[in-house]
Amino acid sequence: MTGITTDQINFPYTAVQLTGTINRLPNLYGLINDLNVFPSAGSMSTLVEVRREENTLAVLPAVDRGGPATVAKRTPGDTLYFEIPHFPLDDVIKPQDLQNLITVVGTSAHPRTLEDETAKRLFAIRNRHSITLEWIRMGALKGLLTDGKGNTIYDLFAAFNFQKTIIYFDLSNPNADITGQCEKLFEAIVTNLRGETMSYIEVIVSPSFFNAFVQHPKVEKFWVNWQAAAQLANIERVKSGGQMGRVFEFQQIRWREYYGRAPVNGVSSPFVADNKGHARPVGTMDSFYTHFAPANDIRFVNMPGKEVYVSPKILDHGAGVELHTESNPLAICRRPEMLVEVDAGAQQ
């Protein structure tokens, strides 16, 4: 059996090898990840610089041929710096994780090896960092990034000095002007593009909001027709990132249900709060991004960051192998004024 000698634990993997292996495991968790809302790239720094300028496009004036051209103006902008947060996670493979246990592969079985258990732990570690990344990305869509204890990492609205826009739909009121509120939502996003582009608007909502929305008297008939068409096409629900959420297009806005939950500070918490939703423009150029910083490890300093890092340590007296892991992601919306919250209730 490979992996153990009488003198010491012969762990056959280095930090570079384990880091390469865990990043080859696909991130299968999360709707935001599957929709690729926040394209990602490795950063060589632990700081992210966001330069904001008013890039509003304007129509050029016509002049006689040979006449003076319009001079492009460079307006002053603001530069903001964000430190990329650090999420460490330790795990230990102990003798009792191997002793008297077997690994079944197909129809064959063999005593569990250190290599077997390492592969199993890497998969579990990858998933824990993946759900953390999804939580950070969903927080960026809300404009409020929080950690696993509920502590605020960044309030993007405060950082960029914008007031969050909330559209109240009053869905318990059968006479509520749903179309009018959709128009307000559309206008709130379009008027704040400021030189950005978009293809359409999508709102990621909780199941409670989605149910109340499609059951509203002014929406229900459209939802029934949508469902009938979906059944004909056999696409009643859309599977994205492990989610079988419903999707509905109404008033040129795509409404997408997200029912995912994650343990936060010991409590199962929804990614989208009950009766809430978060709207964004889809098809932007550079407003949404995820930055990955290098590990807090001298072997990786000033190198482009990876999603997850793993470093092994052999414990004294054959007590096992410690796996120190970390991820360093920052998902950010560079124009939080485009983000709009929707609420199923009435404005107070």
Side-chain angles (χ1 to χ4, degrees), residues 29-38 134-146 157 164-174 176-190 198-227 230 235-262 264 268-283 288 331 333 336 338-347:
Y29 188 86
L31 175 65
I32 309 302
N33 175 70
D34 194 72
L35 295 176
N36 196 30
V37 179
F38 293 89
E134 180 77 359
W135 185 262
I136 290 295
R137 284 171 166 166
M138 190 67 232
L141 281 186
K142 299 175 182 179
L144 183 66
L145 281 72
T146 59
F157 294 106
K164 180 170 68 173
T165 299
I166 304 176
I167 305 293
Y168 295 90
F169 278 80
D170 194 13
L171 295 177
S172 62
N173 177 7
D177 184 7
I178 304 301
T179 298
Q181 296 305 88
C182 288
E183 291 174 353
K184 287 183 181 179
L185 171 60
F186 195 92
E187 182 180 1
I189 291 178
V190 170
M198 78 170 194
S199 302
Y200 58 93
I201 290 173
E202 181 170 85
V203 193
I204 297 177
V205 301
S206 67
S208 55
F209 185 103
F210 195 96
N211 288 332
F213 187 75
V214 299
Q215 291 170 15
H216 192 275
K218 296 185 179 180
V219 179
E220 188 174 22
K221 62 181 179 180
F222 298 99
W223 168 242
V224 171
N225 291 335
W226 177 270
Q227 277 190 308
I235 52 171
E236 294 183 24
R237 286 176 180 258
V238 176
K239 184 176 182 180
S240 296
Q243 299 288 318
M244 292 292 290
R246 293 168 290 179
V247 179
F248 176 44
E249 292 187 9
F250 180 75
Q251 291 296 311
Q252 298 181 307
I253 298 172
R254 179 170 295 176
W255 304 84
R256 186 183 294 273
E257 180 186 33
Y258 192 9
Y259 60 83
R261 305 180 74 90
V264 177
S268 177
S269 303
F271 281 89
V272 182
D274 288 345
N275 295 312
K276 298 279 189 179
H278 302 278
R280 77 185 196 284
V282 178
F288 302 93
C333 174
M338 298 188 308
L339 303 176
V340 177
E341 182 178 303
V342 299
D343 193 304
Q347 186 169 5

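- Listed by first and then second residue, the salt bridge (charged side-chain N to carboxylate O under 4.0 Å, His left out) pairs involving residues 208-224 amount to none (not counting sequence neighbours).
- The CG atom of Leu144 sits 10.0 Å away from atom CD of Glu341, with the distance rounded to the nearest 0.5 Å.
- Between His216 and Leu171, the shortest heavy-atom distance links the atoms CD2-O, 3.3 Å.
- Evaluation of the side-chain contact (heavy atoms from CB on, under 4.5 Å) rule for Ala140 yields Phe38, Leu145, Ala331 as partners, not counting sequence neighbours.
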Enumerate, atom names and distances included, each donor-acceptor pair closer than 3.5 Å involving a side-chain atom of residues 205-215, sequence neighbours excluded.
| residue | atom | partner | partner atom | Å |
| --- | --- | --- | --- | --- |
| Ser206 | OG | Ser208 | OG | 3.0 |
| Ser206 | OG | Phe209 | N | 3.2 |
| Ser206 | OG | Ala273 | O | 3.4 |
| Ser206 | OG | Asn275 | N | 3.0 |
| Ser208 | OG | Asn275 | N | 2.7 |
| Ser208 | OG | Asn275 | OD1 | 3.4 |
| Asn211 | OD1 | Arg246 | NH1 | 3.2 |
| Asn211 | OD1 | Arg246 | NH2 | 2.5 |
| Asn211 | ND2 | Pro207 | O | 3.2 |

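- Evaluation of the side-chain hydrogen bond (donor to acceptor under 3.5 Å, both in side chains) rule for Ser199 yields no partner, not counting sequence neighbours.
- Glu202 has its side chain within reach of Arg280: a pair of non-hydrogen atoms, C-beta onward, lies under 4.5 Å apart.
- In this structure Tyr168 satisfies the side-chain hydrogen bond (donor to acceptor under 3.5 Å, both in side chains) test with no other residue, sequence neighbours excluded.
- Smallest separation of non-hydrogen atoms from Tyr29 and Phe271: OH-CE1, 3.5 Å.
- Using a distance-only test at 3.5 Å, with no hydrogens or angles considered, a donor-acceptor pair links the side chain of Glu134 to the main chain of Asn33.
- The CZ atom of Arg137 lies 7.5 Å from the CG atom of Asn36; values are rounded to the nearest 0.5 Å.
- Checked against salt bridge (Lys or Arg N to Asp or Glu O under 4.0 Å), Lys142 has no partners two or more places apart in sequence or in another chain.
- Partners of Lys184 by salt bridge (Lys or Arg N to Asp or Glu O under 4.0 Å), not counting sequence neighbours: none found.
- Residues passing the salt bridge (Lys or Arg N to Asp or Glu O under 4.0 Å) test with Asp343 are Lys276, sequence neighbours excluded.
- To the nearest 0.5 Å, atoms CD1 (Ile32) and CD1 (Ile204) are separated by 3.5 Å.
- Put simply, the side chain of Phe288 reaches to within 4.5 Å of the side chain of Leu141, judged on heavy atoms.
- Lys164 has its side chain out of reach of Leu339: every pair of non-hydrogen atoms, C-beta onward, lies at least 4.5 Å apart.
- Evaluation of the side-chain hydrogen bond (donor to acceptor under 3.5 Å, both in side chains) rule for Trp135 yields Thr146 as partners, not counting sequence neighbours.
- Residues that satisfy the side-chain hydrogen bond (donor to acceptor under 3.5 Å, both in side chains) test with Asn173, not counting sequence neighbours, are Asp170.
- Separating the CZ atom in Phe186 from the CE atom in Met198 is a distance of 4.0 Å, to the nearest 0.5 Å.
- Gln251 has its side chain out of reach of Leu185: every pair of non-hydrogen atoms, C-beta onward, lies at least 4.5 Å apart.
- Outside the 6.0 Å centre-distance limit, the rings of Phe250 and Trp255 are not counted as a close aromatic pair.
- The shortest non-hydrogen separation linking Ile253 to Cys182 is CD1-O, 3.8 Å.
- Every salt bridge (Lys or Arg N to Asp or Glu O under 4.0 Å) that Glu249 has, sequence neighbours left out, goes to Arg254.
- Contact detail for Val340 and Ala188: the closest heavy-atom pair is CG2-CB, 4.0 Å.
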